[in-house]
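Below is one structure, written out as C-alpha cells, with a few remarks after it.
First the proteins, then the strands, lettered A, B, ... as listed; each starts at 1.
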There are 2 protein chains.
Amino acid sequence: MSNPNFQRNTVQRQVILEELCRLKSHPTASDLHEIVRKRLPKISLGTVYRNLDLLSRGGQVLKLVSESGEARYDGNSENHYHIRCVECGRVDDLSETSDDPLENKCADLNGYELLGYRLEYIGICPGCQNIKKK
Amino acid sequence: MSNPNFQRNTVQRQVILEELCRLKSHPTASDLHEIVRKRLPKISLGTVYRNLDLLSRGGQVLKLVSESGEARYDGNSENHYHIRCVECGRVDDLSETSDDPLENKCADLNGYELLGYRLEYIGICPGCQNIKKK
DNA sequence: GTGTATGCAAAGCCTTTGCAGCATG
DNA sequence: CATGCTGCAAAGGCTTTGCATACAC
C-alpha cells in the first residue's frame with residue numbers, strides 16, 4: 001500500500017520554493033510564475049498553483065488573501081506580521097517588536113502609513129465538531 | 001457639477017441592507033441574493049454585488065475574505081471580531097470582552113474550538129504615498 | 001429631463017482539473 | 001516500473017461589466 005503523504009522532489013517544486021524564499025516581497029502565483037520561468041521556461045501556471053498549494057498545506061509557505069480576494073505567497077513560514085497597502089495590494093513584512101502585535105503601532109512600519117488592522121480568529125464551529133466526532 | 005458620492009435610494013439597496021442587518025450570520029453574496037429574492041423576486045445577482053460593493057465602500061457593511069478567497073458580508077459595521085470555521089467557512093461574531101483581542105482566548109467562543117488567528121495590518125506603502133502627494 | 005441603478009447576459013479573472021506523457025524513487 | 005508530477009488546455013466559480021431600460025430626484 002502507498003503512503004498518501006508521499007511526495008516527490010521535482011525540479012519544479014524546488015525552484016518554486018527557492019525563488020519564493022529568496023524574495024522579500026510576497027508575489028501572486030502569476031508573479032512567481034514569471035520569475036520561475038526565467039529558470040524553467042516551460043513551467044506552467046497550473047504547476048505553480050499545484051505546488052504553492054502543496055507547500056502551503058505543508059506549512060513551508062504562507063498563503064495570504066486580501067480583502068479583494070487576491071492571493072499572495074510568503075516563503076517565510078515563521079510567525080511574523082504583514083502590512084498590506086490598500087492602494088496597490090503590495091504586502092510587506094513587519095518586524096515583530098513585542099509579543100503583543102496590536103500594541104506595535106509605533107514600531108517600524110517599513111515606511112507605511114498605518115490605517116488599521118484586520119483580525120480574525122480561526123477555529124472549528126460547533127456543527128463541524130459534531131461531524132468530526134461521528 | 002455632480003457629487004461623486006451621490007447615491008439614490010433604491011428599493012433594492014434598502015432591502016439588501018435590511019436583510020443583511022437582520023441576519024446574525026455572515027452570508028456570501030449568493031446567499032444574500034437568495035434571501036433578498038423572497039422579497040424582490042426579480043433582483044439580479046449583479047445588483048446584489050453592486051450594492052454590497054457600494055455599501056462596503058461606504059462603511060455601512062463589512063466585507064470579510066477568507067484564506068480560500070471566499071467573500072462574506074456583515075451588516076454590523078461596528079468594531080467587533082470574527083471567528084471562521086476552517087471546515088465549512090461559516091463566520092460568527094465574537095463578543096469583545098477586553099481591549100486586547102489576542103488575550104481573549106478564554107472568552108466566549110460561541111462554541112468554536114479555537115485554532116488560531118490571522119492578523120494583518122492595513123496601510124499605504126511608501127510608493128503609493130508618493131503618488132498621492134503629486 | 002438627467003443621469004444613476006437595474007436586469008440580463010456575456011465577459012473576465014483567477015484557480016482548479018482532466019488527461020496523456022514524463023520522470024522520480 | 002509504479003505512480004506522482006508536469007504541461008497543456010479546458011472547465012469552474014465567483015465577480016464584474018456592457019447595454020438598453022426603468023426610475024429616483
Side-chain angles (χ1 to χ4, degrees), chain A residues 1-20 26-58 60-73 88-89 91, chain B residues 1-20 26-58 60-73 88-89 91:
Chain A
M1 79 199 251
S2 63
N3 178 351
N5 294 322
F6 177 73
Q7 282 182 279
R8 289 185 178 166
N9 252 347
T10 64
V11 181
Q12 289 87 341
R13 181 133 63 233
Q14 285 169 20
V15 173
I16 288 169
L17 185 54
E18 254 177 59
E19 292 297 329
L20 182 54
H26 304 79
T28 63
S30 172
D31 292 340
L32 233 201
H33 182 223
E34 287 307 315
I35 291 163
V36 169
R37 241 204 304 214
K38 290 173 187 163
R39 290 173 61 186
L40 305 172
K42 295 209 68 185
I43 196 173
S44 70
L45 223 204
T47 295
V48 174
Y49 272 108
R50 273 185 287 233
N51 279 296
L52 286 174
D53 185 51
L54 265 176
L55 291 167
S56 70
R57 283 194 284 109
Q60 292 130 289
V61 152
L62 242 48
K63 183 180 179 185
L64 312 163
V65 179
S66 76
E67 211 65 6
S68 68
E70 181 197 57
R72 284 168 179 270
Y73 297 85
C88 65
V91 175
Chain B
M1 84 198 246
S2 63
N3 178 349
N5 295 322
F6 181 76
Q7 283 178 237
R8 291 187 176 166
N9 254 347
T10 63
V11 181
Q12 289 88 340
R13 180 134 61 234
Q14 285 168 21
V15 173
I16 287 169
L17 185 55
E18 254 178 59
E19 292 298 328
L20 181 55
H26 305 79
T28 63
S30 173
D31 292 341
L32 232 202
H33 182 224
E34 287 307 316
I35 291 163
V36 169
R37 235 193 320 204
K38 290 174 187 162
R39 291 173 60 184
L40 305 172
K42 295 210 69 186
I43 194 172
S44 70
L45 223 204
T47 296
V48 174
Y49 273 109
R50 273 186 286 233
N51 279 296
L52 286 174
D53 185 51
L54 264 176
L55 291 167
S56 70
R57 284 194 283 110
Q60 292 130 289
V61 152
L62 242 47
K63 184 181 179 184
L64 312 163
V65 179
S66 76
E67 211 64 6
S68 68
E70 182 196 56
R72 285 169 177 270
Y73 297 86
C88 66
V91 175

Without decimals, in angstroms, what is the distance between [X] [atom1] and [N] [atom2]?
| X | N | atom1 | atom2 | answer |
| --- | --- | --- | --- | --- |
| A:Arg72 | C:dC14 | CZ | P | 11 Å |
| B:Asp31 | D:dC14 | CG | P | 10 Å |
| A:Asp53 | C:dT16 | CG | P | 6 Å |
| B:Leu45 | D:dT16 | CG | C1' | 11 Å |
| A:Leu54 | C:dT17 | CG | C1' | 14 Å |
| A:Asn51 | D:dG4 | CG | P | 15 Å |
| B:Leu40 | C:dG7 | CG | P | 8 Å |
| B:Leu52 | C:dA5 | CG | P | 15 Å |

- What distance separates A:Asn51 CG from A:Gln14 CD, expressed to the nearest 0.5 Å?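 Here the interatomic distance stands at 10.5 Å.
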- Task: Could you list all the salt bridge (charged side-chain N to carboxylate O under 4.0 Å, His left out) pairs where at least one residue sits in residues 48-58 of chain B, not counting sequence neighbours?
- Result: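 Every salt bridge (charged side-chain N to carboxylate O under 4.0 Å, His left out) pair that includes a residue of residues 48-58 of chain B, provided the two are not neighbours, is B:Asp53-B:Arg57.
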Distances for protein N/O vs nucleotides 8-10 of chain C N/O pairs under 3.5 angstrom?
from, atom 1, to, atom 2, distance (Å)
C:dC8, OP2, B:Lys42, O, 3.4

- Residues B:Leu52, B:Lys63; criterion side-chain contact (heavy atoms from CB on, under 4.5 Å); working and verdict: CA-CA 8 Å; B:Leu52 286 174; B:Lys63 184 181 179 184; over 6 Å; no
- For A:Ser30, check side chain to side chain contact (heavy atoms under 4.5 Å, CB included) against everything at least two apart and list the hits.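 Partners of A:Ser30 by the side chain to side chain contact (heavy atoms under 4.5 Å, CB included) criterion, ordered by chain and then number, come out as A:Thr28.
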- Message: Which residues pass the side chain to side chain contact (heavy atoms under 4.5 Å, CB included) test with A:Ile43, not counting sequence neighbours?
- Response: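 Scan of A:Ile43 (side chain to side chain contact (heavy atoms under 4.5 Å, CB included), adjacent residues dropped) gives A:Gln12, A:Ile16, A:His33, A:Val36, A:Arg37, A:Leu40, A:Thr47, A:Val48.
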- Task: State whether the side chain of A:Arg13 and the backbone N or O of A:Arg8 hold a donor-acceptor pair below 3.5 Å, judged by distance alone.
- Result: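 Present.
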- Query: What pairs with A:Thr10 under side chain to side chain donor-acceptor pair (under 3.5 Å), at least two apart in sequence or on another chain?
  - Reply: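 If we apply the side chain to side chain donor-acceptor pair (under 3.5 Å) test to A:Thr10, skipping adjacent residues, there are no hits.
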- side chain to side chain donor-acceptor pair (under 3.5 Å) partners of A:Glu18, counting only residues at least two apart: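 A:Glu18 satisfies side chain to side chain donor-acceptor pair (under 3.5 Å) with A:Arg39 once adjacent residues are dropped.
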- Message: For a quick test of reading the model, state the closest non-hydrogen atom pair linking B:His26 to B:Leu64 and the distance between them.
- Response: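 Smallest interatomic distance, heavy atoms only, reads CD2-CD1, 4.1 Å.
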Under 3.5 Å, which N/O atoms of the protein pair with N/O atoms of nucleotides 22-25 of chain C?
from, atom 1, to, atom 2, distance (Å)
C:dT24, O2, A:Arg8, NE, 3.2
C:dT24, O2, A:Arg8, NH1, 2.9
C:dT24, O2, A:Arg8, NH2, 3.0
C:dG25, OP1, A:Asn9, N, 2.9

